[in-house]
Amino acid sequence: MARREQRRPTDAELEILRVLWESGPSTVRAVHRTLEERRGTGYTTVLKLMQIMTEKGLVERDASVRPQVYRASRSARQTQQRLVGDLLDRVFDGSPGELVLRALSSRKTTPEERERIRRLLDDLEESP
């Protein structure tokens with residue numbers, strides 16, 4: 001069966017992906033247990049979302065074991081880059097500078113975050 005192109009995850013799907021990134025490959029029951037503690041999500045809701053996420057290519061299911069185990073198809077970093085790229089194109093006409101300016105002006109940053117930003121800018125200026 002041909003694999004569908006991976007689509008953007010919804011907010012609920014991102015919550016499930018965060019659990020999988022934090023915990024590693026997990027069963028629906030394990031993901032449900034984590035989400036239940038965080039916000040009271042029902043088991044059948046988690047199951048249905050994970051089935052949809054499999055169809056969308058966001059997670060992969062190992063059906064060779066019982067219970068079935070799911071894992072994120074892409075790392076957190078890959079997903080973040082994809083979502084930021086999409087945001088850049090849709091909202092900021094492809095301008096990383098505009099995105100950064102809006103992000104920095106919308107919320108306070110910690111001294112550690114500012115230092116990481118300075119190091120990144122220094123590295124970008126040094127690279128050819």
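- To the nearest 0.5 Å, the span separating CD on Glu126 from CG on Leu121 amounts to 11.0 Å.
- Counting only distance, with no hydrogens or angles, the side chain of Thr54 and the backbone of Glu60 share no donor-acceptor pair below 3.5 Å.
- Distance alone, capped at 3.5 Å, is enough to place a donor-acceptor pair between the Glu113 side chain and the Thr110 backbone.
- With salt bridges taken as basic N to acidic carboxylate O contacts below 4.0 Å, one links Asp86 and Arg90.
- Follow the hydrophobic side-chain contacts under 4.5 Å out from Leu14 and you reach Val46 in the same cluster.
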Evaluation steps, salt bridge (charged side-chain N to carboxylate O under 4.0 Å, His left out), between Glu13 and Arg8: CA-CA 9 Å; Glu13 292 168 345; Arg8 268 191 312 252; over 6 Å; no

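- For the atom pair CD of Gln80 and CZ of Arg74, the computed distance is 13.0 Å after rounding to the nearest 0.5 Å.
- Taking OG1 of Thr41 as the start and CD of Glu15 as the end, the distance is 6.0 Å to the nearest 0.5 Å.
- When His32, Arg33, Arg39, Arg38 are each tested for a side chain to side chain contact (heavy atoms under 4.5 Å, CB included) with Glu36, only one passes: His32.
- Counting all heavy atoms, side chain and backbone alike, Gly57 lies closest to Ser73 at O-OG, 2.9 Å.
- The main-chain N or O of Phe92 is never found under 3.5 Å from a side-chain atom of Ser95 such that the two would form a donor-acceptor pair.
- Leu47 and Val69 fall into different hydrophobic clusters, where Ile, Leu, Val, Met, Phe, Trp and Tyr are joined by side-chain heavy atoms under 4.5 Å apart, directly or via other members.
- Of all the heavy atoms in Trp21 and Ser75, the pair that sits closest is NE1-C, 3.6 Å.
- The side-chain heavy atoms of Arg116 and Glu112, taken from C-beta on, include no pair separated by under 4.5 Å.
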Working for side chain to side chain contact (heavy atoms under 4.5 Å, CB included), residues Val31 and Tyr70: CA-CA 9 Å; Val31 172; Tyr70 292 78; over 6 Å; no

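- With hydrogens and angles disregarded, a donor-acceptor distance shorter than 3.5 Å links the side chain of Ser105 to the backbone of Arg102.
- Interatomic distance, Arg18 CZ to Thr79 OG1, rounded to the nearest 0.5 Å: 10.5 Å.
- Closest heavy-atom contact between Ser26 and Ser23: OG-CB, 3.9 Å.
- Within the 4.5 Å cutoff, the side chain of Arg61 has no heavy atoms near those of the Met50 side chain.
- Looking at every heavy atom in both residues, Leu83 comes nearest to Pro9 through CD2-CD, 4.1 Å.
- Going from atom CD of Glu98 over to atom CG of Leu101 covers 5.5 Å, rounded to the nearest 0.5 Å.
- A single hydrophobic cluster is not seen to contain both Ile52 and Ile16; linkage of ILVMFWY side chains at heavy-atom distances under 4.5 Å, directly or through other members, places them apart.
- Nearest heavy atom pair, residue Leu58 against residue Leu17, reads O-CD2, 3.8 Å.
- By the neighbour-count criterion of 12 heavy atoms within 6.0 Å, atom CG of Asp123 is densely surrounded, having more than that number from other residues, nucleotides or ligands.
- Rounding to the nearest 0.5 Å places CD of Gln68 at 9.0 Å from CD of Gln51.
- In this structure, Arg29 is positioned above the aromatic face of Tyr43, its NZ or CZ under 6.0 Å from the six-membered ring centre and within 45° of the axis.
- If you check the side chains of Asp62 and Ser64, you find a donor sitting under 3.5 Å from an acceptor.
- Donor-acceptor pairing under 3.5 Å is recorded for the side chains of Arg114 and Thr109.
- With contacts defined as side-chain heavy-atom distances shorter than 4.5 Å, the pair Val59/Arg71 does not qualify.
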